[in-house]
**Student:** 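Here it is: the structure, laid out below.
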2 protein chains.
Amino acid sequence: MLDAAADLLVRWGYQRVTVEDVARHAGIGKGTVYLHFRTKDALFLTVLLRSHHHVVARMADRMAADPAEVLPSRMTASVYRDLADDAVVRPLYLGDPEVLGRLAHEAAETLGELGGKRDVASRRLFGLLRDAGALRTDLPIEEQEYVLRAVATGFLFVDSLSTPEVPVDRDRRAELIAHSIAAAIEEPGAAAQAGAVAPQAVAMFRELAADMDAEWRRRVRR
Amino acid sequence: MLDAAADLLVRWGYQRVTVEDVARHAGIGKGTVYLHFRTKDALFLTVLLRSHHHVVARMADRMAADPAEVLPSRMTASVYRDLADDAVVRPLYLGDPEVLGRLAHEAAETLGELGGKRDVASRRLFGLLRDAGALRTDLPIEEQEYVLRAVATGFLFVDSLSTPEVPVDRDRRAELIAHSIAAAIEEPGAAAQAGAVAPQAVAMFRELAADMDAEWRRRVRR
DNA sequence: CGATGACTGGATTCGCGTTTCCGGTCATAC
DNA sequence: GTATGACCGGAAACGCGAATCCAGTCATCG
């Protein structure tokens, strides 16, 4: 059912999709949808939450498999690649009002508390990375986070913006993100220090993922 | 008259401003406006063009005064500061449809040919900077331009995006842009090489500015 | 019990006649 | 020659009743 909702959401946008559409598309009755979700909003919020959770979980998995993934450059590039493939989170990250409809507002609110937790995690990760000598210390930590956010935002938006000619393919663009972020805030050879931070980072993000998982499962009636 | 039009444009947006508003605000008759501009579009396009010209001209002036301003990092930071002060070009660079209205489409078209010239100039500047050893050569030139565009876009948008807390003031943000761009595509100590490129860069941008100046003056009847 | 779809009412959209608005013109005044 | 504002007509905004839509409910069924 969530898959059906997700599919229709990205194809038509929140406004145009009716609960009956979702039910039909999932091969169930409309009433059944309301057996599982209190409201239409709850349904689609859950869709968003699930996908968001997926992104964070993959992040943690990648860190576990390769410690260098804790570096902001690598992390961001990987998320960028994920976004390219996941049509649900892309509008979420881009705040696309066309797709999100009124959810854009609603989502920000509900995801806000989780966003807070994520910000805390991110802040702590930055602290760890600085202590480990993987991040530079020539900028205060808030400025580094601002730079990261700005650069990541830029690469995300510049594609969806009026640019007739995008010079390179998806993977190369991801590499360019990594290059830019690494150059701006990371220490050369930071990868070597990543190993020391990875375990804690993995734990943090797994916990975050678990929170998100719990959150969206909590929204399903049974 | 152009000042009046610019003022109203940024305050109310293209749609809400009528030609009569502009005339009244400029203390002249409505017919007089049409004595100088063939159409409403031409009037506002001229406003945009003039401001855009202003930005480029200031760029050239800064380069003449300080050769280090030819460096993409410095250049972008300065333009960022200019945008913060100039309420007319800001929506233009941001493509704000609220303010630009249908001009967003129209402007892109007419400014397109000038945009082409600017792209050529930019490309040539990048070539010169690489030859002078001010830019790195670890990335192909198109990718460096893409990175520059992406990073600049990011810093522009991240402010106007839903970010409750912007950690630093305007000038500091400009410095962070410079920092990020320098780190991503410039050679350390690039400033020393800038002097060799500056004269040609100044010439190029002055010519570009002259083109733009001619273009918007051409649109005024007399 | 879990599942369903007919049903309801509040909201949204549609159709369309009427009014208002405003870009552009031009006869007039200076 | 230059400046103006009354004026024109097409387009957009408005009003409003009718028609439609759809989130959410609930009686019914298996």
**Student:** Please list, in numerical order, the residues of residues 14-32 of chain A that have a heavy atom closer than 4.0 Å to any atom of DNA chain D.
**Tutor:** A/V17, A/T18, A/V19, A/K30
**Student:** Which of the following nucleotides, C/dG24, D/dT4, C/dA3, is nearest to the side chain of A/L35?
**Tutor:** C/dA3
**Student:** Under the ring pair (Phe, Tyr, Trp, His ring centres under 6.0 Å) test, which residues partner A/F126, sequence neighbours left out?
**Tutor:**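 Checked A/F126 against ring pair (Phe, Tyr, Trp, His ring centres under 6.0 Å); zero matches.
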**Student:** Which residues pass the side-chain hydrogen bond (donor to acceptor under 3.5 Å, both in side chains) test with A/Q200, not counting sequence neighbours?
**Tutor:** none
**Student:** A quick test of your reading: do over 12 heavy atoms of other residues, nucleotides or ligands sit less than 6.0 Å from CZ of A/R16?
**Tutor:**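 At most 12 heavy atoms, drawn from other residues, nucleotides or ligands, come within 6.0 Å of this atom.
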**Student:** Kindly state each residue pair satisfying salt bridge (Lys or Arg N to Asp or Glu O under 4.0 Å) with at least one member in residues 87-104 of chain B, sequence neighbours excluded.
**Tutor:** B/D41-B/R102
**Student:** Between B/T39 and C/dG23, is there a side-chain N or O to OP1/OP2 distance below 4.0 Å?
**Tutor:** no
**Student:** Whether the B/Y80 and B/D171 side chains hold a donor-acceptor pair (N or O, under 3.5 Å, no angle test) is what I'd like checked.
**Tutor:** no
**Student:** Just the rounded figure in Å: distance from P of D/dC7 to OH of B/Y34.
**Tutor:** 18 Å
**Student:** Should the pair A/E143-B/R172 be classified as a salt bridge under the 4.0 Å nitrogen-to-oxygen rule?
**Tutor:**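 A salt bridge is present here (some side-chain N lies under 4.0 Å from a carboxylate O).
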**Student:** Can you check the B/R38 CZ to C/dT25 P distance for me, whole Å?
**Tutor:** 10 Å
**Student:** Nucleotides 27-30 of chain C: which of its N/O atoms have a protein N/O under 3.5 Å away?
**Tutor:**
none

**Student:** Grab the NE2-P distance between B/H36 and D/dT4 for me, whole Å please.
**Tutor:**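 Nearest whole value for this atom pair: 9 Å.
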**Student:** To the nearest Å, give me how far apart CZ (B/R102) and P (C/dG23) are.
**Tutor:**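 Rounding to the nearest Å, CZ of B/R102 and P of C/dG23 are 10 Å apart.
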**Student:** Take atom CZ of B/F37 and atom P of D/dA3, then tell me their distance rounded to the nearest Å.
**Tutor:** 13 Å
**Student:** Just by distance, no angles: are the side chains of B/Y93 and B/D86 close enough, under 3.5 Å, to form a donor-acceptor pair?
**Tutor:** no
**Student:** With sequence neighbours left out, write down each residue that passes side chain to side chain contact (heavy atoms under 4.5 Å, CB included) with B/V17, or none if nothing qualifies.
**Tutor:** B/L8, B/W12, B/D21, B/V22, B/F44
